[in-house]
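What follows is a set of notes on a single structure, which appears directly below.
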Amino acid sequence: MAFKIITWNINSVRLRIGIVERLLKEQQPDVLCLQETKCVNDAFPRKSFEKLGYAHNAVHGQKGYHGVAIISKSPLSQTSSTDFCNMGDTRHIEAVVETPGGPVRIHNFYVPAGGDEPDPIINSKFDHKLKFIDGMKALSGVQDGVPNILVGDLNIAPLENDVWSHKQLLKIVSHTPVETQGLTMVMNAGDWVDCMRQHIPPSEKLYTWWSYRARDWEASNRGRRLDHVWSAPQLAQQLVSVDVLKEARGWEKPSDHVPVIAVFDL
DNA sequence: ATGACGGATCTAATCCGA
């Protein structure tokens, strides 16, 4: 049976609950993973999701910044969060969901952006980002026999065609060699498959984020692929489709990220 | 690199995003 999962950096779930509801109505995913919810757990709009048939959630938020959530039609179990750099940030949550093909663990990440200067000596935010992705190397695509799907805003565009200009972004945080190589090491260490690039060839430009600062995001089209869907190899064999919902960047009061939709036959 | 937006917060001015 088809299992649809969507990941979306929503940039404030309370402000944009209207377009989240639109996405759920139009796409009817089994699971929705959100990043940058920007609210404490008590302020999370649970009722809006329940009304649309999403009675189950795993929410890990804080005041004003970061925050991640897994929303599901069916029950979630083994919910937990890991604080990768022990800084008290709400950047990860995981849970297990039952599918017709058995249990699947979902990891939902919001990796630190890393600030402006790509130098860990003078920029503590970049240092934090590098340490965070170093910590992710311990994560395997299969844990306790349960295959995993890893999604989220990883804030790194690893391939040349994941940015509008490889050459011009080599020294820009999100596309520097230490970051892109670091993310590749995380993938290799955990035996993860990049589902988006399995489905859409690396020769094609592919973006999930367009800056708010451009006068016309669509015309300038200076995007980056910062949002990702990874899975264990056994799940990647059952991948049916991957779609980047670019139109959502043009919705009313949009997030600067768009939803990424993956369908597996489980 | 460019261009100068948009969110949350002690609702003003600042920090943060990437």
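What you are looking at is a predicted structure, and each value in this text was computed from that prediction instead of being measured. Keep in mind that the numbers below use all heavy atoms, side chains included, and drop hydrogens, waters and symmetry copies. Chain A is the first sequence line, chain B the second, and so forth, proteins listed ahead of strands; every chain is numbered from 1.
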*Would you indicate which nucleotide in B:dA1, B:dG17, B:dA18 comes nearest to any side-chain atom of A:Tyr212?*
B:dG17
_Minimum-distance nucleotide (side-chain atoms of A:Ile172 versus B:dT9, B:dA1, B:dT2)_ = B:dA1
*Between A:Lys63 (side chain) and A:Val40 (backbone), is there a donor-acceptor pair under 3.5 Å?*
no
*Go through the N and O atoms of the side chain of A:Arg224 and the base of B:dA1, and report whether any donor-acceptor pair is under 3.5 Å.*
yes
*To the nearest Å, how far apart are A:Lys253 NZ and B:dC5 P?*
14 Å
*asked:* I'd like the P distance from B:dC16 over to B:dT9, given in whole Å.
replied: 14 Å
*When you look at NZ of A:Lys51, are more than 12 heavy atoms from neighbouring residues, nucleotides or ligands closer to it than 6.0 Å?*
no
*When we call it a touch if two heavy atoms are under 4.0 Å apart, what does A:Asp116 touch: a base, just sugar-phosphate, or nothing?*
base
*Test for a donor-acceptor pair under 3.5 Å between the base of B:dG17 and the side chain of A:Arg213, counting only N and O atoms.*
yes
*On a whole-Å scale, what distance lies between the C1' atoms belonging to B:dA18 and B:dA13?*
22 Å
*Answer with base, sugar-phosphate or nothing: what part of the nucleic acid does A:Asp153 contact at a heavy-atom distance below 4.0 Å?*
sugar-phosphate
*Measure from the side chain of A:Arg16, starting at C-beta and using heavy atoms only, and say which of B:dG3, B:dA18, B:dG6 lies closest.*
B:dG6
*asked:* Work out how far the C1' atom of B:dA8 is from that of B:dA12, and round it to whole angstrom.
replied: 13 Å
*Of A:Leu15 and A:Trp164, the one whose closest DNA chain B nucleotide lies more 5'*: A:Trp164
*Can you check the A:Asn11 CG to B:dG17 P distance for me, whole Å?*
11 Å
*Please tell me which of the listed nucleotides, B:dG3, B:dG7, B:dA18, lies nearest to the side chain of A:Ala113?*
B:dA18
*asked:* With rounding to the closest Å, how many angstrom separate the C1' atoms on B:dT2 and B:dC10?
replied: 34 Å
_OP1 or OP2 of B:dA18 versus the side-chain N and O atoms of A:Asn9: is any pair under 4.0 Å?_
yes
*P-based separation of B:dG3 from B:dG17 [nearest Å]*: 23 Å
*In whole angstrom, what separates A:Glu117's CD from B:dA18's P?*
17 Å
*Using atom NZ of A:Lys38 as one end and atom P of B:dG17 as the other, report the distance to the nearest whole Å.*
9 Å
_What is the separation between atom CZ on A:Phe126 and atom C1' on B:dA18, rounded to the nearest whole Å?_
12 Å
*Below 4.0 angstrom from OP1 or OP2 of B:dA18, is there any side-chain N or O of A:His257?*
yes
*Does B:dC15 have OP1 or OP2 sitting under 4.0 Å from an N or O in the side chain of A:Lys125?*
no
*For A:Ala214 and A:Val111, take the nucleotide of DNA chain B holding the closest heavy atom to each; which residue's nucleotide lies nearer the 5' end?*
A:Ala214
_Measuring only the P atom in each nucleotide, how far is B:dA1 from B:dT11? A whole number of Å is fine._
39 Å
*Could you check A:Asn155, A:Leu139, A:Val68 and say which one makes a side chain to side chain contact (heavy atoms under 4.5 Å, CB included) with A:Phe109?*
A:Leu139
_Residue A:Glu26 excluded, over 12 heavy atoms near CD under 6.0 Å_ = yes
*Hey, which of A:Arg197, A:Arg224, A:Lys205 is the one that makes salt bridge (Lys or Arg N to Asp or Glu O under 4.0 Å) with A:Asp162?*
A:Arg197
_Between B:dC5 (P) and A:Arg249 (CZ): distance, integer Å_ = 13 Å
*Write down the distance between CD1 (A:Ile17) and C1' (B:dA8), rounded to a whole number of angstrom.*
17 Å
*Could you check whether A:Tyr110 gets within reach of a base, just the sugar-phosphate, or nothing at all, counting any heavy atom under 4.0 Å?*
sugar-phosphate
*Using only side-chain N and O atoms of A:Ser12, determine if any of them is under 4.0 Å from OP1 or OP2 of B:dA8.*
yes
*If you check every side-chain atom of A:Tyr65, which of B:dC16, B:dT9, B:dA18 has the closest atom?*
B:dC16
*When all nucleic acid strands are considered with a 4.0 Å heavy-atom cut-off, which category describes A:Leu169: base, sugar-phosphate, or nothing?*
nothing
*asked:* By nearest atom, which of the nucleotides B:dG3, B:dG17, B:dG6 is closest to the A:Arg215 side chain?
replied: B:dG3
_Measure NZ/A:Lys63 against P/B:dC16 and give the value in whole Å, please._
16 Å
*Please indicate whether A:Asp42 has more than 12 foreign heavy atoms, meaning atoms of other residues, nucleotides or ligands, lying under 6.0 Å from its CG.*
no
_At 4.0 Å (heavy atoms only), tell me whether A:His175 reaches a base, stays on the sugar-phosphate, or touches nothing._
nothing
*Mind checking A:Lys171 for me? I need base, sugar-phosphate or nothing, with any heavy atom below 4.0 Å counting as a touch.*
nothing
*Is it the case that more than 12 heavy atoms not belonging to A:Lys4 sit under 6.0 Å from its NZ atom?*
yes
_Of the options B:dA18, B:dG3, B:dC16, whose atoms approach the side-chain atoms of A:Glu36 most closely?_
B:dA18
*How would you list all residue pairs meeting salt bridge (charged side-chain N to carboxylate O under 4.0 Å, His left out) that involve residues 95-113 of chain A, not counting sequence neighbours?*
A:Glu94-A:Arg105
